[in-house]
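These values consider heavy atoms only, across backbone and side chains, with no hydrogens, waters or symmetry-generated copies.
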Amino acid sequence: MPRTSPKPKNRTKARVLSSRVAYRGPAFTVTADQVLEPSGVRTRRDIVHHSGSVVILAVEESNSEPLVLLEQQYRHAAQQTLWELPAGRIDVGEKGLAAAKRELLEETGYTASRWKCILRFYASPGFLAETMDMYSARGLRRGKAQPEADEVIGSQMVPLSAAVAMVMKGTIRDAKTIAGVLWLNQSQHG
């Protein structure tokens, strides 16, 4: 006999029955929560709480084809160097746009005269409470990068068509970068 899913209740959020901090670190906290979900299912959910991040889709428009600023950075969790859009954490008390401007300058040395929040999404909502705000940055001016002590980042301008090809071939494997490159491609051709 096939299993059926429980019927959803009228609630739209889970009711937290209990919560304990399992880990507290400098970048995030993990809680172990006992919850009653809107479907009526009672379960444990381990949640990573994070202050949120910004992603910067920096675009140079002076050529016939837009150029996208991509970085290469080693990521220990992935055990490899990844192609990514510039990004970083929103510090406690900091606004998203201020964080985006700070991260673009720190990681790449670029500043921008025109900013717009274009996407807001969850990185991995099954266990991660982090939201990511993606900002379009245009009117770019090159400067000197100011990376943090543990950051070794290379950056280069890549034609949009080449960035899309990198996504489609699996060369770009970072989800926020895939979202940004495909968003830009759709906005140019959609």
Side-chain angles (χ1 to χ4, degrees), residues 27-28 50-91 94-126 128-190:
F28 59 87
H50 186 279
S51 60
S53 296
V54 290
V55 182
I56 301 94
L57 180 60
V59 180
E60 176 59 58
E61 301 169 299
S62 62
N63 298 326
S64 59
E65 177 179 10
L67 301 176
V68 179
L69 182 60
L70 292 178
E71 299 178 340
Q72 282 192 292
Q73 185 174 7
Y74 178 77
R75 296 298 195 177
H76 181 66
Q79 294 288 297
Q80 60 186 296
T81 299
L82 297 177
W83 286 98
E84 299 180 55
L85 292 174
R89 183 173 55 187
I90 300 171
D91 291 335
E94 188 177 33
K95 300 289 186 197
L97 179 57
K101 290 178 177 182
R102 175 181 50 76
E103 288 292 343
L104 182 64
L105 178 63
E106 284 178 5
E107 293 187 359
T108 70
Y110 279 90
T111 58
S113 60
R114 296 188 317 277
W115 292 85
K116 181 179 179 184
C117 188
I118 56 173
L119 290 174
R120 185 163 210 231
F121 56 95
Y122 289 96
S124 185
L128 181 58
E130 175 186 14
T131 57
M132 299 189 105
D133 294 343
M134 185 175 295
Y135 287 87
S136 168
R138 297 173 191 252
L140 300 177
R141 288 178 307 281
R142 185 189 299 260
K144 183 171 172 33
Q146 304 163 21
E148 294 182 23
D150 66 339
E151 292 180 319
V152 178
I153 301 170
S155 64
Q156 70 181 70
M157 289 291 189
V158 176
L160 176 58
S161 61
V164 170
M166 292 167 73
V167 167
M168 302 310 289
K169 291 178 188 172
T171 305
I172 294 177
R173 300 181 64 201
D174 173 64
K176 67 186 181 299
T177 304
I178 292 168
V181 167
L182 295 182
W183 181 92
L184 180 60
N185 189 58
Q186 180 64 28
S187 72
Q188 296 290 309
H189 303 106

Note to self: Could you go through Glu107 and Ile56, starting from their C-alpha distance and side-chain angles, then the distance that decides it, and tell me whether this counts as side chain to side chain contact (heavy atoms under 4.5 Å, CB included)?
What the structure shows: CA-CA 11 Å; Glu107 293 187 359; Ile56 301 94; over 6 Å; no
Notebook entry, point to check: Side chain of Gln79, backbone of His76: donor and acceptor closer than 3.5 Å?
Noted result: yes
Let me check something: any side-chain donor-acceptor pairs from residues 153-167 under 3.5 Å, sequence neighbours excluded? List them with distances.
| from | atom 1 | to | atom 2 | distance (Å) |
| --- | --- | --- | --- | --- |
| Ser161 | OG | Glu65 | OE1 | 3.3 |
| Ser161 | OG | Glu65 | OE2 | 2.7 |

Check: Do other residues, nucleotides or ligands put more than 12 heavy atoms under 6.0 Å from the OH atom of Tyr122?
Finding: no
Check: Once you round to the nearest 0.5 Å, how far does CG of Leu85 lie from CG of Leu184?
Finding: 9.5 Å
Margin query: Ignoring hydrogens, what is the shortest heavy-atom contact between Glu130 and Met132? Give both atom names and the distance.
Written below: OE2-CE, 4.0 Å
Next item on the list: Check for a donor-acceptor pair, side chain of Ser51 on one end and backbone N or O of Ile90 on the other, with a separation under 3.5 Å.
Entry: yes
Margin query: I'd like to know if the side chain of Gln186 pairs up with that of His189 as donor and acceptor (distance under 3.5 Å, no hydrogens or angles considered).
Written below: no
Item checked: Minimal non-hydrogen separation, Arg75 against Leu82, with atom names -> CG-CD1, 3.9 Å
Check: Sequence neighbours excluded, which residues qualify as salt bridge (Lys or Arg N to Asp or Glu O under 4.0 Å) partners of Arg141?
Finding: none
Item checked: Arg142: partners by salt bridge (Lys or Arg N to Asp or Glu O under 4.0 Å), with sequence neighbours left out -> none
Notebook entry, point to check: Counting distance only, does the side-chain N/O of Tyr135 pair as donor-acceptor with the main-chain N or O of Leu97 below 3.5 Å?
Noted result: yes
Checklist line | Intermediate values then yes/no, side chain to side chain contact (heavy atoms under 4.5 Å, CB included), Leu119 and Leu57 | finding: CA-CA 10 Å; Leu119 290 174; Leu57 180 60; over 6 Å; no
Next item on the list: Kindly state each residue pair satisfying salt bridge (Lys or Arg N to Asp or Glu O under 4.0 Å) with at least one member in residues 181-190, sequence neighbours excluded.
Entry: none
Next item on the list: Starting from the C-alpha separation in whole Å, work towards a yes-or-no answer on side chain to side chain contact (heavy atoms under 4.5 Å, CB included) for Phe121 and Met134.
Entry: CA-CA 8 Å; Phe121 56 95; Met134 185 175 295; 4.1 Å; yes
Next item on the list: Please report the shortest heavy-atom distance between Arg89 and Glu94, naming the atom on each side.
Entry: O-OE1, 4.2 Å
Check: salt bridge (Lys or Arg N to Asp or Glu O under 4.0 Å) with Arg120: which residues, sequence neighbours excluded?
Finding: Asp133
Check: Does any pair with a residue in residues 152-174 pass salt bridge (Lys or Arg N to Asp or Glu O under 4.0 Å), and if so which ones, sequence neighbours excluded?
Finding: Asp174-Lys176
Next item on the list: To the nearest 0.5 angstrom, please state how far the CD atom of Glu84 sits from the OG1 atom of Thr81.
Entry: 10.0 Å
Note to self: Applying the side-chain contact (heavy atoms from CB on, under 4.5 Å) criterion to Pro86, which one of Leu105, Thr177, Leu104 satisfies it?
What the structure shows: Leu104
Next item on the list: Run the numbers on Glu71 and Thr108 for side-chain hydrogen bond (donor to acceptor under 3.5 Å, both in side chains), then give the verdict.
Entry: CA-CA 8 Å; Glu71 299 178 340; Thr108 70; 5.6 Å; no
